[in-house]
There are 2 protein chains.
Amino acid sequence: MPASNTRLRYIILGLLAQQPMSGYDVRRFLKSLSWLIGNPSAGGIYPALRGLLQDGLVTVDVKLREDRPPRKVYSITEAGRDELQRWIDQPVGLGTSMKAFMMRLMLARHYSRAGLIAHMRQRQSEVAGHRLALRQISATLDEGADMGQRLALGYALSAAQAELAWLDSELGRLSQEPSLAEVD
Amino acid sequence: MPASNTRLRYIILGLLAQQPMSGYDVRRFLKSLSWLIGNPSAGGIYPALRGLLQDGLVTVDVKLREDRPPRKVYSITEAGRDELQRWIDQPVGLGTSMKAFMMRLMLARHYSRAGLIAHMRQRQSEVAGHRLALRQISATLDEGADMGQRLALGYALSAAQAELAWLDSELGRLSQEPSLAEVD
DNA sequence: AAGCGCATGTAAAAGGTTACATGATTAC
DNA sequence: GTAATCATGTAACCTTTTACATGCGCTT
């Protein structure tokens, strides 16, 4: 049976799908994008890589260097790509965080055009639902509410609004200029 | 020594600072705002409440009802308010998530006007820093980059942009109309 | 000579989820 | 009479973080 570990497992797999990397590289890359995806620690990354290796989803190329730790460069295998694709294909559920959606976006090249659009539309409808819910709460609050509730709601509403605007504009671009993605 | 549990602990404490509630109430409330703060499960909430009780940060008023489980209504104590205030006062570090910042906003009434403004300004400068970093990456990418990277960056940039816009406008309001918050 | 960046990894603990257990009441 | 809501809680598990351990090379 495959080793557990899920979120981080697929994030790493996604990165390795773009190019071979060492554990240290993975760490640095994620650190530089910590705001977007998160900043997992060494204690999570190295065991995850070992798990991926054991399951045959990656291979390792060990570069021995005298007097310093070997540099282990991991590459994704065909089985790894399949597994990643399966993860990518499963619809992003209702509770999907921004970061998880981010990761999906970064892997856009693994989607068909239609698949990418479908994913974005799903996100769109979810966020629209949230916005509606927030507006209803907002209407309920109205007069006597305390300032904290109002601030928080305003903040959340503006975030939802912005995300929807981005999705709209990006979906529009994807539909109108279907050639761009095929261009190499 | 106080029982561990941190994030959830303070979220619950924050809710109890607004009004006494049962564990079930806490769950329902957070569920209705799951998008904003998260949706912790019963298995997290009840133990957390027990911890708070043991540490004297809350008291419980048990309403026995025949033939059904007692309803336990928790109220925050003075020690609890102090502890909450200490959490609130510590500056939100660089990695602070939207949800953590959200919770701070919801507790606005526990801030002085100056304290609230300071917090928001700090957030502002952090997000501005992120936006700058993203723009620099974006400039680096430029031409040959793959579509995923571009989508992800665009998404992140638009989110940062929106948050800054909200912060600007809200900070403006807070400075210009200092009377509003005092009004009851 | 001190500290940081490179580069790997392990062990223990924290924090939280999932799934289960119980049982009355209300709605369809 | 079947399901959902109310209402509490426990136990086992999963993921990830924290802190440690090691050691070379480069910069200040």
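Note on naming: letters A, B, ... go to the chains in the order of the sequence lines (proteins, then strands), and numbering restarts at 1 for each one.
- In this structure B:Tyr24 satisfies the ring-ring contact (aromatic ring centres under 6.0 Å, His included) test with no other residue, sequence neighbours excluded.
- Qualifying side chain to side chain contact (heavy atoms under 4.5 Å, CB included) partners for A:Ala128, counting only residues two or more places apart in sequence or in other chains: A:Leu164.
- Applying the salt bridge (Lys or Arg N to Asp or Glu O under 4.0 Å) rule to pairs touching residues 156-165 of chain B yields B:Arg123-B:Glu163, sequence neighbours excluded.
- A search for side chain to side chain donor-acceptor pair (under 3.5 Å) contacts involving A:Glu83 returns A:Tyr10, A:Arg86, not counting sequence neighbours.
- The distance from atom CG of A:Leu107 to atom CG of B:Leu151, rounded to the nearest 0.5 Å, is 11.0 Å.
- The CG atom of B:Leu49 sits 15 Å away from the C1' atom of C:dG16 (whole-angstrom rounding).
- The stretch residues 18-33 of chain A comes close to DNA chain C through A:Ser22, A:Gly23, A:Tyr24, A:Arg27, A:Arg28, each having a heavy atom under 4.0 Å from the strand.
- Atom pair B:Ile37:CD1 and C:dG16:C1' shows a separation of 17 Å (rounding to whole Å applied).
- The list of salt bridge (Lys or Arg N to Asp or Glu O under 4.0 Å) pairs with a residue in residues 26-50 of chain A, not counting sequence neighbours, reads A:Asp25-A:Arg28.
- Residues forming a side chain to side chain donor-acceptor pair (under 3.5 Å) with A:Asp89 (at least two apart in sequence, or on another chain): A:Gln85.
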For nucleotides 18-20 of chain D, give me every protein contact, N/O to N/O, under 3.5 Å, one pair per line with atom names.
none

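- Contacts of B:Asp82 classified as side chain to side chain donor-acceptor pair (under 3.5 Å), with partners at least two apart in sequence or in another chain: none.
- Between its opening and closing five pairs, the helix from C:dA1-D:dT28 to C:dC28-D:dG1 changes axis direction by 40°, a value rounded to 10 degrees.
- In this structure, A:Arg7 atom CZ and C:dG15 atom C1' are separated by 12 Å, rounded to whole Å.
- Residue A:Arg50 contributes atom CZ, which lies 8 Å from atom C1' of C:dG9 at whole-angstrom precision.
- Listed by chain and residue number, B:Ile76, B:Arg81, B:Leu84, B:His110 satisfy the side chain to side chain contact (heavy atoms under 4.5 Å, CB included) test with B:Ala17 (two or more places apart in sequence, or in another chain).
- B:Arg71 places its CZ atom 15 Å from the C1' atom of C:dA24, with the value rounded to the nearest Å.
- Under the side chain to side chain donor-acceptor pair (under 3.5 Å) criterion, A:Gln18 pairs with no residue at all, not counting sequence neighbours.
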